[in-house]
Amino acid sequence: MAEIRVERLHKDFNGFVAVQNSNFVIEDRSFFVMLGPSGCGKTTTLRMIAGLELPTDGRILLDGKDVTFKRASERDIAFVFQLFALYPHMNVRRNIAFPLVSMGMKRAEVRAKVEEAARILRITELLDRPVSGLSGGDRQRVALGRAIVRRPKAFMMDEPLGALDSELRDVMCGELRGLHDRLKATTVYVTHDQTEAMALGDRIAVMSHGVIEQLGTPREIYDRPTSVFVADFIGSPPMNLLTFNDSLEAGRSSVRVGQAEISIPAPREAMAARELILGVRPEHVRLNDGARLRGEVFGTEYLGTTQIVTVTTAHGMVKARLASSLKVSIGDRVGLEFRPDRISLFDAGSGRAIRTALDDQAQALERAHV
Ligand code: ATP
C-alpha cells in the first residue's frame with residue numbers, strides 16, 4: 001500500500017505547459033480521482049506518477065521515497081486503461097496470470113492467485129473462456145483481474161469505463177468502488193465524467209488547463225466550489241451563476257441583485273464595488289410570488305419525480321429543480337427565492353470564490369465526517 005506525494009510537478013511539451021506546479025498528497029488506501037475536461041492534463045499527471053512520462057520539474061514520492069526518475073517497472077504500480085488491452089490469443093486465465101508468469105512465479109502459486117482474483121471479481125466461471133467472445137464488462141473485469149493479481153502498491157486507472165455503455169458503466173462503477181473497499185489499495189483514477197468521479201472518489205482534484213482548480217471531497221466540491229469553473233463543471237444541471245454589481249462589507253448579510261435584496265452567508269472580507277457572481281444550485285431555488293428577483297419561464301423539463309424549470313432573468317438564466325407536481329407553464333412570470341445558506345459568491349474578475357463564514361463551518365463539519 002502507498003501514500004503518493006506530488007510536489008511542484010510540471011510538464012512542458014516543447015513550450016506547451018500540460019501540467020503546472022501541481023501539489024497534492026494521495027493518502028494511503030484512498031481513492032483519488034482526477035477530473036476535468038479533455039486536454040486539462042489528467043493523463044499526463046497520471047503517467048508521470050506511474051513513471052511513463054518524465055516531469056520537466058518537481059518530485060514524486062511513493063511512501064516517502066523519491067521515485068521521480070525511477071522506471072515504471074520499479075514503482076510497483078498496476079494500470080487499467082480504457083481500451084481493455086487483453087491478449088486476444090490467450091484465455092481469461094492466462095491473461096490474468098500474465099504479470100505473475102512474467103515475474104517467474106511458480107505455477108501453483110500463479111494458479112492460486114489467479115483464482116483468488118477471479119473470485120474477487122466474480123469471473124471464476126469465465127477462467128477457461130477465450131477473451132475474444134466476452135462482453136465489454138467482462139473484458140474490463142479481466143483487465144482488472146490482471147491489475148489486482150499481483151497486489152501492487154497502487155493502481156492507476158485511465159478512463160477504465162470510458163468504452164462501456166452508460167448502463168454497464170453504472171454497474172462497473174459500483175463494482176470498482178466495492179473492489180476498492182475490499183482491497184484498500186491506493187487508486188488514482190482519471191475521468192472526465194463527474195458522476196463517476198463523485199461516485200468513486202474519496203477526494204477529487206478538479207483540473208483545468210494543467211492546474212488543479214479545487215481538491216476536496218465530493219461534498220466539498222459540490223457544496224462549496226472554490227471557483228466559477230468548478231461551480232459550472234460540477235452538477236447536472238450545473239450551478240446557476242448570476243452576474244451583478246455590488247460592494248461587500250465583511251459580515252454583510254445580503255447583496256443587491258437588480259431590484260432584489262438577496263440574503264447571503266456573511267462574507268469574510270470587504271470588497272469595493274465590482275462585478276460579482278452569485279452561485280446557487282438548482283435544488284436550492286424556489287418559486288415565490290412575493291420574491292423581488294423576477295423572470296419568465298423559458299422551459300420545463302419533466303424528469304419523473306422532479307422537473308427542471310428554466311427561468312430567464314435580467315442577470316442570467318436560472319434553473320430550478322422542483323417537484324414535478326408543481327404546475328408551471330412556459331411564459332409564466334415568476335419570483336425566485338434562493339436558500340441563503342447554500343449561496344456561493346465569486347469575484348467575477350478572478351473567478352475565485354469569496355470566502356464566507358459558512359465555508360469554515362462546512363469544512364470543519366466535512367473533516368469531522370471524513
Ligand atoms: P484527455 O481526456 O483528452 O486525454 P487529459 O486531461 O488527460 O485529456 P492530457 O492527455 O494529459 O489531457 O494532455 C494535456 C495536454 O498536453 C493536451 O493539450 C495534449 O495535447 C498535450 N499533450 C499530451 N501528451 C503530449 C505529447 N506527448 N506531446 C505534446 N503534447 C502532448
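One-based numbering, in listed order, for ligands and for the atoms of each. None of the values given here were measured: they were computed from a predicted structure.
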Quiz item: For residues 15-57, which residue pairs qualify under ring pair (Phe, Tyr, Trp, His ring centres under 6.0 Å), counting only residues two or more places apart or in two chains?
Solution: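 The answer is F24-F32, F31-H180, F31-Y189.
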Do the side chains of [X] and [Y] get close enough for a salt bridge, i.e. N-O under 4.0 angstrom?
{"X": "D246", "Y": "R252", "value": "yes"}
{"X": "R339", "Y": "E283", "value": "no"}
{"X": "E213", "Y": "R352", "value": "yes"}
{"X": "R182", "Y": "E175", "value": "no"}

Practice problem: Kindly say whether A2 contributes a backbone atom to a donor-acceptor pair with the side chain of D28 at under 3.5 angstrom? | Solution: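 Yes, because the side chain of D28 sits within donor-acceptor range (under 3.5 Å) of the backbone of A2.
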Practice problem: Output the set of protein residues with a heavy-atom contact under 4.0 Å to ligand 1, ordered first by chain identifier and then by residue number. | Solution: F13, F16, A18, P37, S38, G39, C40, G41, K42, T43, T44
